[in-house]
Amino acid sequence: MTLEQLDQYGKLKTRRGVLYRKTGECREEKVDCVTDIVEGSNREYPFQRVHFSIAGLDPEQLQHKTMQIRGWEREMDEIDADLKQVEEYIAGVADPIVKTAMELYYLSGSTWPMVSTEIYSNASNGNTLRMSVQRYVEKYPVNPDKE
């Protein structure tokens with residue numbers, strides 16, 4: 001795990017939310033109904049020419065919509081895997097201060113002064129916490145219990 005991967009967590013959460021919303025909106029969009037008239041005949045004698053009206057969904061529009069939704073769902077699956085990787089890394093951190101700082105900063109989106117206030121009741125230790133997290137990530141790119 002790198003600091004860059006941890007920093008991507010908030011952006012990935014935002015992107016996933018946008019994709020989820022777009023997918024829902026696309027699913028609710030109506031596909032145009034197309035109608036046509038075809039020719040046939042009666043089933044029995046006298047076999048007279050009869051016109052039938054048929055209706056259905058526009059196949060091109062339906063295919064485009066389906067492909068778009070599948071693409072967004074694939075991207076959401078990839079994002080979910082990345083999010084899970086970050087969450088598992090943070091869950092495996094042994095140091096409680098570092099773990100709490102990482103949860104508050106990366107997962108909750110707090111600023112370093114806010115994290116410092118939460119942990120130490122003052123905002124002056126934000127850089128200390130940031131450096132502790134940085135040193136931990138450099139020392140343990142993979143959690144020690146996973147090696």
Side-chain angles (χ1 to χ4, degrees), residues 1-41 43 50-147:
M1 186 65 50
T2 65
L3 290 172
E4 290 78 24
Q5 288 173 301
L6 291 169
D7 280 331
Q8 290 296 312
Y9 186 87
K11 297 171 189 169
L12 289 172
K13 282 287 254 198
T14 302
R15 177 67 181 157
R16 192 193 187 294
V18 168
L19 290 173
Y20 183 79
R21 182 180 46 77
K22 286 170 69 173
T23 303
E25 289 171 359
C26 192
R27 285 181 201 272
E28 290 178 10
E29 267 181 22
K30 300 252 186 259
V31 176
D32 292 339
C33 185
V34 292
T35 58
D36 200 0
I37 297 175
V38 296
E39 231 175 55
S41 67
R43 291 181 189 216
V50 180
H51 296 285
F52 298 98
S53 179
I54 59 170
L57 299 177
D58 182 1
E60 290 177 9
Q61 190 179 10
L62 186 61
Q63 181 183 14
H64 174 73
K65 180 178 174 177
T66 303
M67 287 178 58
Q68 200 171 36
I69 290 172
R70 284 184 184 152
W72 290 335
E73 287 175 340
R74 270 194 304 275
E75 188 176 348
M76 281 194 293
D77 290 343
E78 292 170 7
I79 289 172
D80 287 341
D82 292 342
L83 293 175
K84 185 178 178 189
Q85 185 180 9
V86 170
E87 291 165 357
E88 287 176 350
Y89 178 78
I90 292 175
V93 173
D95 185 320
I97 298 294
V98 172
K99 183 175 186 172
T100 304
M102 290 173 114
E103 287 173 344
L104 291 171
Y105 184 76
Y106 294 112
L107 303 183
S108 299
S110 301
T111 62
W112 285 116
M114 291 167 62
V115 172
S116 177
T117 302
E118 182 75 25
I119 294 173
Y120 295 120
S121 299
N122 67 36
S124 63
N125 293 342
N127 283 335
T128 304
L129 286 170
R130 183 179 54 78
M131 291 304 295
S132 296
V133 167
Q134 186 175 344
R135 282 192 292 273
Y136 183 89
V137 172
E138 288 171 359
K139 186 174 181 180
Y140 302 110
V142 176
N143 281 321
D145 60 334
K146 298 241 178 174
E147 292 179 334

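Hydrogens, waters and symmetry mates are skipped; everything else that's a heavy atom, side chains included, is used.
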(request) Work out which heavy atom in T100 is nearest to a heavy atom in P96; give both atom names and the distance. (result) OG1-O, 2.7 Å

(request) Can you measure from CG (N122) to OG (S116) and round to the nearest 0.5 angstrom? (result) 5.0 Å

(message) With rounding to the nearest 0.5 angstrom, report the CG to NZ distance, D58 to K30.
(response) 15.5 Å

(message) Can you confirm whether R15 sits close enough to I79 that some side-chain heavy atom of one is under 4.5 Å from a side-chain heavy atom of the other?
(response) yes

(request) Nearest 0.5 Å please: distance from the CD atom of Q134 over to the CG atom of N127. (result) 10.5 Å

(request) Show the numbers, then the answer: is there a side chain to side chain contact (heavy atoms under 4.5 Å, CB included) between E75 and R16? (result) CA-CA 8 Å; E75 188 176 348; R16 192 193 187 294; over 6 Å; no

(message) For a quick test of reading the model, state the closest non-hydrogen atom pair linking L6 to V86 and the distance between them.
(response) CD2-CG1, 3.7 Å

(request) Enter the distance from D32:CG to L62:CG here, rounded to the nearest 0.5 Å. (result) 11.0 Å

(message) For the CE atom on M131, are there more than 12 heavy atoms of other groups (residues, nucleotides or ligands in this structure) within a distance under 6.0 Å?
(response) yes

(request) Please assess Q8 against D82 for the test side chain to side chain contact (heavy atoms under 4.5 Å, CB included), listing each intermediate value before the final yes or no. (result) CA-CA 9 Å; Q8 290 296 312; D82 292 342; over 6 Å; no

(request) Identify the two heavy atoms, one from M1 and one from Q5, that lie closest to each other, and give their separation to 0.1 Å. (result) CA-OE1, 3.2 Å

(request) Give me the ring orientation class for W112 and Y105: parallel if the planes are under 30° apart, tilted from 30 to 60°, perpendicular past 60°. (result) parallel

(message) Any side-chain to backbone donor/acceptor pair from D95 onto V98? Under 3.5 Å, distance only.
(response) yes

(request) Could you give me the CA-CA distance, side-chain angles and deciding distance for M114 and T117, then say whether side chain to side chain contact (heavy atoms under 4.5 Å, CB included) is met? (result) CA-CA 5 Å; M114 291 167 62; T117 302; 5.6 Å; no

(message) Quick check for you: to the nearest 0.5 Å, what is the distance between H51 atom NE2 and D36 atom CG?
(response) 12.0 Å

(request) Can you see which heavy atom on V115 is nearest to which on S110, and at what distance? (result) CG2-CB, 3.9 Å

(message) With side chain to side chain contact (heavy atoms under 4.5 Å, CB included) as the criterion, how do Y136 and I97 come out once you've worked through the C-alpha distance, each side chain's angles and the decisive distance to 0.1 Å?
(response) CA-CA 11 Å; Y136 183 89; I97 298 294; over 6 Å; no

(request) Write down the atom of W72, the atom of L19, and the distance for their closest heavy-atom approach. (result) CD1-CD2, 3.6 Å

(message) So for atom CD, which belongs to Q61, do other residues, nucleotides or ligands contribute more than 12 heavy atoms lying within a distance under 6.0 Å?
(response) yes

(request) Kindly give the heavy-atom pair with the smallest separation between C26 and Q68, and that separation in Å. (result) SG-OE1, 3.8 Å

(message) Is it the case that the side chains of E87 and Y9 hold a donor-acceptor pair, with the cut-off being a distance below 3.5 Å and no angle test?
(response) yes

(request) Can you establish whether the number of heavy atoms outside E60 located under 6.0 Å from its atom CD is more than 12? (result) no

(message) Quick one, Y120 and L129 - any side-chain contact, counting heavy atoms below 4.5 Å?
(response) yes

(message) Counting C-beta onward and ignoring hydrogens, is there a side-chain heavy-atom pair between M102 and Y89 closer than 4.5 Å?
(response) yes

(message) As an exercise, state the distance from NZ of K13 to CG of D80, rounded to the nearest 0.5 Å.
(response) 8.5 Å

(message) Any side-chain to backbone donor/acceptor pair from K99 onto A94? Under 3.5 Å, distance only.
(response) no

(request) Can you run down the salt bridge (charged side-chain N to carboxylate O under 4.0 Å, His left out) pairs that involve residues 17-28, sequence neighbours left out, and say none if there aren't any? (result) R21-E25, R27-E73

